[in-house]
Amino acid sequence: MVRPSRKTTSVNGGISRRALLLGGAVALGSLGLAGCSRVDTSAAEDGGDLLDRLRSQGVVRLGIASEVPYSYIDKDSGKLTGQAPAIAEEIFGRLGVDSFQPVLTEFGSLIPGLRVGQFDVVAAGMWITPERCAQVIFSDPDYVAKDAFIVAEGNPLGLESYTDIAETGATVATGPGWFQRDYAIGNGVAPGRIGTLPDQLAGVTAVRQGRIDAFFGTAPTMVSAARNTAGVEATEPFTPVVDGEEQIGAGGFAFSPTETRLRDAFNAELHEMKESGQLLEIVSPFGFTEEDMTDLTAEELCNA
């Protein structure tokens with residue numbers, strides 16, 4: 001098996017195709033996530049008509065899962081915010097759709113909800129994987145992310161990796177449907193030792209109360225959740241390794257399999273924003289940096 005080098009950067013500062021496709025996707029196959037073919041889009045007639053309908057009604061329904069900093073309802077203003085809605089607002093505005101309606105659901109219900117028409121697009125920073133590509137179609141990714149833990153202040157067990165969790169016997173939890181569970185198992189953590197909590201806020205509370213030693217997920221979520229929260233801290237972001245291969249997640253927007261025209265129009269605007277640097281400007285307030293940018297494509301991730 002080809003082993004990737006340590007993290008490399010692409011021309012725009014993000015993780016390169018080679019680092020992700022050799023590191024992340026190959027190892028995910030060992031966890032049972034590869035081998036899924038892409039969803040069949042042959043039933044789409046002229047790429048679907050959703051884009052025309054959205055322009056006519058002027059509103060797009062965004063499926064979100066309340067995960068900071070990707071997409072969430074601000075507790076002070078009561079308004080939808082986050083990295084994904086900020087991108088969606090710009091792109092759909094360019095496409096002639098000026099308003100959006102958030103539809104809040106559990107993360108595990110996003111794809112089923114999209115498939116039955118509860119909302120028009122998933123705007124939740126969803127990772128693009130072969131398994132998910134067998135159910136929906138994706139935009140090209142707008143970010144890549146490392147992992148991190150929320151731990152008690154001072155990190156008393158010295159947890160910096162999933163191997164540390166396995167070796168210390170730490171009590172841990174993660175979110176529902178999050179791939180970090182597979183990463184932990186791939187590093188020797190027994191499945192029965194990994195709890196599931198509804199979101200990062202529940203994870204912070206569990207750590208503060210001493211019910212678990214660590215809660216883990218993507219670094220942007222963990223860092224945001226721990227920021228300005230007494231009694232806890234986020235560990236240094238790291239790239240998980242399973243069977244010697246780096247695991248790097250890349251996320252984007254999900255669309256119904258029949259709506260290839262909308263997906264393609266969305267991608268065209270996304271690519272322009274990447275090239276101009278506007279994408280980084282939009283997501284910077286949510287903690288994303290140049291290192292989180294990527295030139296990967298959904299096709300590469302779906303076929304990995």
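This one's a predicted model, so the numbers in the text were calculated from it and none came from an experiment.
- Of all the heavy atoms in Leu296 and Pro141, the pair that sits closest is O-CD, 3.4 Å.
- No donor-acceptor contact under 3.5 angstrom links the side chains of Glu246 and Thr239, judged on distance only.
- Residues Val283 and Tyr72 fall within the same hydrophobic cluster, defined by Ile, Leu, Val, Met, Phe, Trp and Tyr side chains chained together at heavy-atom separations under 4.5 Å.
- Atom CG of Asp98 and atom CD of Glu89 lie 9.5 Å apart (nearest 0.5 Å).
- A donor-acceptor pair under 3.5 Å is absent between the side-chain atoms of Ser71 and the main chain of Ala84, judged by distance alone.
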- Task: Could you walk me through whether Phe266 and Phe253 pass ring pair (Phe, Tyr, Trp, His ring centres under 6.0 Å), step by step?
- Result: CA-CA 9 Å; Phe266 189 98; Phe253 293 76; 4.7 Å; yes
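- When each of Tyr183, Tyr162, Phe215 is tested with Phe149 by the rule ring-ring contact (aromatic ring centres under 6.0 Å, His included), just one qualifies, namely Tyr162.
- Panel note: side chain Arg181, backbone Thr174; no donor-acceptor pair is recorded below 3.5 Å.
- Considering only heavy atoms from C-beta on, Phe119 comes within 4.5 Å of Leu114 through its side chain.
- Using a 4.5 Å cut-off on side-chain heavy atoms (C-beta onward), Thr229 and Ile150 make no contact.
- Between the side chain of Asp140 and the main chain of Gly252, no donor-acceptor pair closer than 3.5 Å is present.
- Linking Ile, Leu, Val, Met, Phe, Trp and Tyr whenever their side-chain heavy atoms come within less than 4.5 Å puts Phe216 and Val189 in one cluster.
- Ser66 has its side chain out of reach of Ile73: every pair of non-hydrogen atoms, C-beta onward, lies at least 4.5 Å apart.
- Asp142 and Gln83 form a side-chain donor-acceptor contact under 3.5 Å, judged by distance and modelled atom types alone.
- Taken together through direct or relayed side-chain contacts under 4.5 Å among Ile, Leu, Val, Met, Phe, Trp and Tyr, Phe100 and Ile282 form part of one hydrophobic cluster.
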- Criterion side chain to side chain contact (heavy atoms under 4.5 Å, CB included) on Val136 and Met126, from CA distance to verdict: CA-CA 11 Å; Val136 297; Met126 180 175 283; 5.5 Å; no
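- A distance-only check finds a donor-acceptor pair linking the side chain of Arg193 to the backbone of Ile165 [under 3.5 Å].
- Atom CZ in Arg211 sits 6.5 Å away from atom CG in Leu197 (nearest 0.5 Å).
- A distance of 9.5 Å separates CG of Leu157 from CG of Asp164, quoted to the nearest 0.5 Å.
- The main-chain N or O of Pro220 is found under 3.5 Å from a side-chain atom of Ser224 such that the two form a donor-acceptor pair.
- For the pair Asp243 (side chain) and Glu245 (backbone), a donor-acceptor distance under 3.5 Å is absent.
- Looking only at side-chain heavy atoms (C-beta outward), Leu279 and Met293 come within less than 4.5 Å of each other.
- For the pair Asp147/Phe238, a side-chain contact is recorded, criterion being any heavy-atom separation below 4.5 Å from C-beta on.
- Across Gly203 and Ile212, no two heavy atoms sit closer than the pair O-CD1, 4.2 Å.
- Within a 6.0 Å radius of CD in Glu106, no more than 12 heavy atoms belonging to other residues, nucleotides or ligands are found.
- In this structure, Val223 is not a member of the same hydrophobic cluster as Phe286, with clusters built from ILVMFWY side-chain heavy atoms closer than 4.5 Å.
- Proximity of Thr289 to Asp292: side-chain heavy atoms (C-beta onward) are separated by under 4.5 Å at one or more points.
- Hydrophobic clustering of Ile, Leu, Val, Met, Phe, Trp and Tyr side chains at less than 4.5 Å, counting indirect connections, unites Val103 with Val122.
- We find the CG-OG distance between Asp264 and Ser139 to be 11.0 Å, quoted to the nearest 0.5 Å.
- A heavy-atom distance below 4.5 Å is found between the side chains of Phe92 and Val121.
- Under the 3.5 Å distance criterion, the side-chain polar atoms of Glu233 are matched with a main-chain donor or acceptor of Gly154.
- At least one donor-acceptor pair under 3.5 Å links the side chain of Arg61 to the backbone N or O of Gln118.
- How far NZ of Lys146 is from CD of Glu236: 8.0 Å, rounded to the nearest 0.5 Å.
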- Task: In sequence, state the C-alpha distance, the side-chain angles, and the governing distance for Leu95 and Val60, and then conclude on side chain to side chain contact (heavy atoms under 4.5 Å, CB included).
- Result: CA-CA 11 Å; Leu95 295 177; Val60 57; over 6 Å; no
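- When all heavy atoms are compared, the tightest approach of Leu62 to Ala88 is CD1-CB, 4.1 Å.
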- Does the side chain to side chain contact (heavy atoms under 4.5 Å, CB included) test come out yes or no for Asp295 and Lys274, once each step is laid out? CA-CA 9 Å; Asp295 61 356; Lys274 287 182 178 182; 5.9 Å; no
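- When all heavy atoms of Pro102 and Leu80 are compared, the closest pair comes out as CB-CD2, 3.7 Å.
- The shortest side-chain heavy-atom distance between Thr297 and Asn267 does not fall under the 4.5 Å cut-off.
- Distance alone, capped at 3.5 Å, places no donor-acceptor pair between the Arg261 side chain and the Asp49 backbone.
- Partner Thr218 forms a side chain to side chain donor-acceptor pair (under 3.5 Å) with one of Trp178, Tyr70, Tyr143 and no other, that one being Tyr70.
- Separating the CG atom in Leu301 from the OG1 atom in Thr129 is a distance of 9.0 Å, to the nearest 0.5 Å.
- Salt bridge absent: Glu259 and Arg263 never bring a charged side-chain N and a carboxylate O closer than 4.0 Å.
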